[in-house]
Each structure stands twice: as C-alpha cells, then as structure tokens.
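Notes for the one structure printed next.
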Amino acid sequence: MRLMLRFLVTLTSVIGLGVSLCLVAQPATAAPVPNPVAAPGQLPSQDPFYVPPRGYENRAPGAILRTRQVQLGWRGRDVPIFATQILYRSTNNFGNPTSTVTTVVSPPGVGPGAPRRLVSYHSFYDALGSQCDPSYTLRGGNMSERPIDISLIAGLMAAGYTVSVPDYEGRGLRWTIARESGYAALDGLRATLRQLRAPARTPIGLFGYSGGSVPTGFGAELAPKYAPELNIIGAAAGGVVVDPIHNLGYVNGKQDWTGVIPALMAVYDETYGLNLPDYLSPKGTRILRQVAGQCIEQFADAYPGLTDRQLLKPGVGGILDVPGARRALSKNVMGTLGTPRSPMMLGVGNSDGVGDGVMITADVARLAGSFCRRGVPTTFTEYRGLSHTAAFIPWSVEALAFLDNRFAGRPTGGC
C-alpha cells in the first residue's frame with residue numbers, strides 16, 4: 001500500500017509536469033554527475049554510444065561495454081532525475097552475440113555496494129523505429145511519448161527501488177520476439193548489478209504491461225537456465241501477449257489495433273527471413289512501408305477494418321499461409337520456453353467477452369493455470385469490462401502491491 005500511494009502521488013505530479021518531485025535520483029554509480037547528457041541528441045540508430053566496441057562478441061552476456069551519465073526528460077523538458085546508461089553484451093534470438101542499452105536510476109543516497117531492491121521495468125514501447133527506445137524517450141526524445149514510463153519509474157524510485165529500464169527489443173527492434181527480449185532483460189540486470197557493485201543475491205522484481213509483458217514473462221521463464229544466479233523474487237505481467245497467432249486472429253478486421261498486423265508481419269519477416277515482399281499485395285507493400293520506423297502510437301489504430309488478407313496477394317490466404325510464418329510465430333508462445341522459479345502475477349482486461357481488444361483473456365488464464373500446475377505460485381486477475389488501455393491502471397496498482405509484498409517477504413496468494 002505504501003508503494004501504491006507513493007506511485008499515485010508521483011504519477012500525478014509528473015503527469016502535471018510541475019515536476020515537483022522532492023527528490024533527485026542519483027546515477028547508478030551514486031557519484032557526482034559530470035555534465036550529464038540532458039538533451040536526447042541523436043537517435044539511437046545514429047548515436048555512436050550504441051555501437052558495440054570491436055571484440056565485444058567475446059565478452060560474457062551481461063558484460064558492460066560502455067557507460068554514460070544522463071539526465072531524464074519528457075518532451076524536451078528536463079526532469080530532475082539522473083541516471084546511468086549502460087551498453088551491454090546480450091544474446092539474440094538465435095543464440096548469437098548482440099548488444100543493447102539499459103537506463104539505471106537509483107534512489108537518493110544509495111551508494112555502490114549498498115543493499116538494493118532492484119526492479120527491471122519493461123516499457124510497452126512496441127517499436128519499429130529507434131526513436132521509440134526507452135533509453136531515448138526517457139531523455140526527452142520522441143515528442144509524442146506519453147509520461148507513463150517516467151511516472152512509474154519515479155514512483156518506484158520514490159519507494160526506494162533501483163530501476164533498470166532495458167531497450168529489450170535490441171538494435172534490431174525485434175518486438176514480441178521471446179528469447180531476444182528475455183535475454184536482453186536478464187543481461188540488463190547482470191550489467192546493472194555489476195555497475196552498482198551490488199551484492200550477488202540482490203532481490204529483483206520484473207514488471208511489464210502489454211509489450212512489456214514479453215520480457216517479463218519470457219525473462220522469468222528463461223532465467224533458471226540462462227541466468228540462474230539472478231535472485232528474481234517475483235514477476236508481474238499485465239495485458240499479456242501469450243500466443244501471437246491467436247492475437248493476430250483476434251484483431252483481424254477490427255476497428256482498433258489492426259495496425260499490429262502489418263507491424264508484426266514486418267518484425268517476423270526481418271527476424272525469420274520469410275521473404276514476405278514476395279507475398280504482399282500492392283496495398284500490403286504500401287502499408288508496410290508506412291509503418292516502417294514508427295512507434296505503436298502511430299500504427300496501432302491507423303488502419304480500421306484491416307485484415308491480413310488485404311495485405312497479401314490473391315490466393316495466399318492469410319499470414320499463416322506464408323511459408324515459415326506459422327512456425328516462426330509458434331516459437332514465441334509464452335509458457336513454452338521454461339518454468340519460472342519465482343511467483344508470478346498475471347492480469348488482463350476483458351471488454352468484449354473474448355479479450356481486452358488485443359489480448360485474449362482465456363490465453364492469459366490458461367497460462368496462469370499452466371504455471372500453477374508446474375508448481376509456480378501464480379495470481380491471475382481478469383479486469384471485466386475493461387479494455388487493454390483501461391486495464392493498465394488497476395493492473396499497475398495490483399502489480400506494484402504484488403512486488404511490494406514480494407520484496408517484504410510477504411505471501412502473495414495465488415495457486
């Protein structure tokens with residue numbers, strides 16, 4: 001409850017942008033901040049900070065490659081919060097070396113080596129362009145960005161949590177790709193702990209809604225084998241993407257959320273080499289060009305009534321008829337890559353009897369049941385009558401209370 005109240009107070013103050021936060025967070029090193037990078041500057045795709053040094057492939061996953069101190073902002077305005085950004089080595093969807101960035105914010109007065117409570121916060125940035133990356137938007141880039149991320153991060157920080165915010169889609173912007181997102185989140189935590197010189201058994205919570213549920217859920221599934229040393233004590237995922245095949249069928253032809261169809265087609269083509277241009281209709285070619293480089297705010301509701309058939313040549317049928325597409329999508333079903341060690345909290349809206357408009361309620365319920373049968377303490381909440389967007393607020397309150405209880409060692413209920 002304490003965390004919840006602090007979150008709501010901070011959310012109000014930051015959204016109002018009086019930015020009257022009566023605290024200034026320290027960078028992850030807790031050292032003085034020498035000339036922090038305040039303005040967003042170059043896009044991540046153009047910024048040399050994001051380019052890994054030669055030979056980084058030989059470093060261990062989670063190794064720190066480069067750091068810098070930054071000041072956070074929103075829509076070009078500075079916010080009195082400082083952070084450390086870390087370029088670190090990670091692993092891509094196919095097990096090969098890659099790199100990405102996490103932004104680390106510490107509460108005031110917590111120095112290197114001090115006990116911590118660490119949260120990996122996963123933004124729902126669902127991106128096809130690097131201007132959507134949290135490491136950029138948190139510094140005030142992308143003028144269309146909503147203040148939700150910085151509000152929640154400030155609330156967590158005000159409650160005494162250190163927060164790591166990874167660009168979990170990586171440099172390739174592989175939105176919804178399970179392994180790559182999970183690995184990036186886990187390696188971001190490894191890098192954060194190294195930078196903080198934090199104790200090895202530092203308790204860690206995972207938090208993410210919508211697109212952010214991907215690194216949260218898959219991170220929890222992959223951790224026991226990929227990063228067994230991390231002490232993950234709980235994972236809260238809301239508006240959960242469980243089976244992308246089901247989600248694509250659900251939004252097909254709807255008035256809202258149909259923009260995710262061409263966006264996901266583009267991501268899966270880039271990731272799995274589906275040779276999609278060979279199967280696109282003229283309309284499909286045009287729309288995929290339009291969504292290229294956009295953030296979800298631009299494409300999600302831009303094509304009311306759109307179907308996958310309209311994007312493909314006559315005779316192809318739907319996206320699942322494109323050779324290799326069904327197999328690629330089936331590789332990214334939550335609950336299939338491992339069993340979490342930590343308690344889970346799952347939530348989803350139900351606005352039409354099937355789902356919240358984009359996520360399917362029964363899929364999330366089945367995932368919770370699957371975790372329970374495997375011995376994972378899991379709580380599940382269905383927010384009846386609420387859409388995907390509307391369910392975010394009650395889910396956030398419940399998720400923050402869940403993490404507060406987990407860090408305090410209190411039971412969270414569930415199966």
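Just so you know, these numbers come straight off a predicted model, no measurement behind them.
Look at Arg384 and Asp356 and you find no salt bridge, because none of the NZ, NE, NH1 or NH2 atoms lies under 4.0 Å from a carboxylate O. Remark: Glu169 does not engage Arg174 in a salt bridge, criterion side-chain N to carboxylate O under 4.0 Å.
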Full working for side-chain contact (heavy atoms from CB on, under 4.5 Å) between Ile153 and Val165: CA-CA 9 Å; Ile153 291 164; Val165 190; 3.6 Å; yes

Test log, rule ring pair (Phe, Tyr, Trp, His ring centres under 6.0 Å), inputs Phe124 and His388: CA-CA 12 Å; Phe124 44 91; His388 187 67; 7.9 Å; no

Worked check of ring pair (Phe, Tyr, Trp, His ring centres under 6.0 Å) between Tyr125 and Tyr168: CA-CA 10 Å; Tyr125 67 109; Tyr168 58 83; 4.9 Å; yes

Steps toward side-chain contact (heavy atoms from CB on, under 4.5 Å) verdict (Val354, Thr361): CA-CA 6 Å; Val354 176; Thr361 307; over 6 Å; no

Test log, rule side-chain hydrogen bond (donor to acceptor under 3.5 Å, both in side chains), inputs Thr103 and Gln85: CA-CA 4 Å; Thr103 302; Gln85 291 191 328; 3.0 Å; yes

Worked verdict on Thr192 versus Arg116 for side-chain contact (heavy atoms from CB on, under 4.5 Å): CA-CA 11 Å; Thr192 298; Arg116 304 265 180 170; over 6 Å; no

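Within the model, atoms OH of Tyr209 and OH of Tyr121 stand 12.0 Å from one another, a figure rounded to the nearest 0.5 Å. Atom CG of Asp404 is separated from atom OG1 of Thr412 by 12.0 Å, given to the nearest 0.5 angstrom. For the atom pair Glu297 CD and Cys132 SG, the distance stands at 7.0 Å (nearest 0.5 Å). Taking CG from Leu306 and CD1 from Ile261, the interatomic distance works out to 5.0 Å, rounded to the nearest 0.5 Å. Distance check, rounded to the nearest 0.5 Å: OG1 of Thr176 to CG of Asp126 gives 8.5 Å. Between Ser135 atom OG and Tyr50 atom OH the span is 2.5 Å, to the nearest 0.5 Å.
Here the side chains of Val101 and Asp133 are not in contact, with every heavy-atom distance at 4.5 Å or above. Contact annotation: the side chain of Thr67 approaches that of Gln195 to within less than 4.5 Å [non-hydrogen atoms, C-beta and beyond]. Two residues are said to be in side-chain contact when any heavy atoms from C-beta on lie closer than 4.5 Å; Ser99 and Leu65 meet this criterion. For the pair Leu206/Ile232, a side-chain contact is recorded, criterion being any heavy-atom separation below 4.5 Å from C-beta on. Thr381 has its side chain within reach of Tyr383: a pair of non-hydrogen atoms, C-beta onward, lies under 4.5 Å apart. Asn96 has its side chain out of reach of Thr91: every pair of non-hydrogen atoms, C-beta onward, lies at least 4.5 Å apart. Counting heavy atoms from C-beta on, the side chains of Arg171 and Pro52 come closer than 4.5 Å. A 4.5 Å side-chain heavy-atom check between Asn231 and Thr202 finds every atom pair outside the cut-off.
Here the closest heavy-atom approach between residue Thr100 and residue Gly170 is recorded as OG1-CA, 3.8 Å.
When only modelled atom types and interatomic distance are considered, Asp149 and Ser123 share a side-chain donor-acceptor pair under 3.5 Å. A donor-acceptor contact under 3.5 angstrom links the side chains of Arg374 and Thr339, judged on distance only. Counted by atom type alone, Ser387 and Ser351 present zero donor-acceptor pairs between their side chains at under 3.5 Å. There is no side-chain donor-acceptor pair under 3.5 Å between Thr98 and Asn92. Looking only at atom types and distance, the side chain of Gln69 has a donor-acceptor partner in the side chain of Thr84 under 3.5 Å away.
A cation-pi arrangement is found for Arg68 relative to Phe49, the charged atom lying closer than 6.0 Å to the ring centre and inside a 45° cone about the ring normal. For Arg190 and Tyr226, the positive end sits near the middle of the six-membered ring, less than 6.0 Å away and at most 45° from its axis.
Checking side-chain atoms of Tyr268 against main-chain N and O of Arg326 turns up no donor-acceptor pair under 3.5 Å. Of the possible donor and acceptor atoms, none in the side chain of Tyr272 sits under 3.5 Å from a partner among the backbone N and O of Ala325. Between the side chain of Tyr88 and the backbone N or O of Ala184, at least one donor-acceptor pair lies under 3.5 Å. Side chain of Arg66 to main chain of Leu87: no donor-acceptor pair is present (N/O by atom type, distance under 3.5 Å, no hydrogens or angles). For the pair Asp352 (side chain) and Gly355 (backbone), a donor-acceptor distance under 3.5 Å is present. Side-chain atoms of Ser181 do not come within 3.5 Å of backbone N or O of Pro215 as any donor-acceptor pair. Side-chain N or O atoms of Gln298 include one that pairs as donor or acceptor with a backbone N or O of Cys295 at under 3.5 Å. A donor-acceptor distance shorter than 3.5 angstrom exists from the side chain of Asp269 to the backbone of Leu276, with no hydrogens or angles considered. At least one donor-acceptor pair under 3.5 Å links the side chain of Thr258 to the backbone N or O of Tyr303. Between the side chain of Arg179 and the backbone N or O of Leu337, no donor-acceptor pair lies under 3.5 Å.
Counting heavy atoms of neighbouring residues, nucleotides and ligands inside a 6.0 Å radius, atom CZ of Arg194 exceeds 12 of them.
Aromatic pair Phe407/Tyr161: ring centres closer than 6.0 Å. Aromatic rings of Phe207 and Trp395 (six-membered ring for Trp) have centroids within the 6.0 Å cut-off, being under it. Ring-centre distance between His122 and Phe218: not below the 6.0 Å cut-off.
Partner Leu128 forms a side-chain contact (heavy atoms from CB on, under 4.5 Å) with one of Leu173, Leu288, Val267 and no other, that one being Val267.
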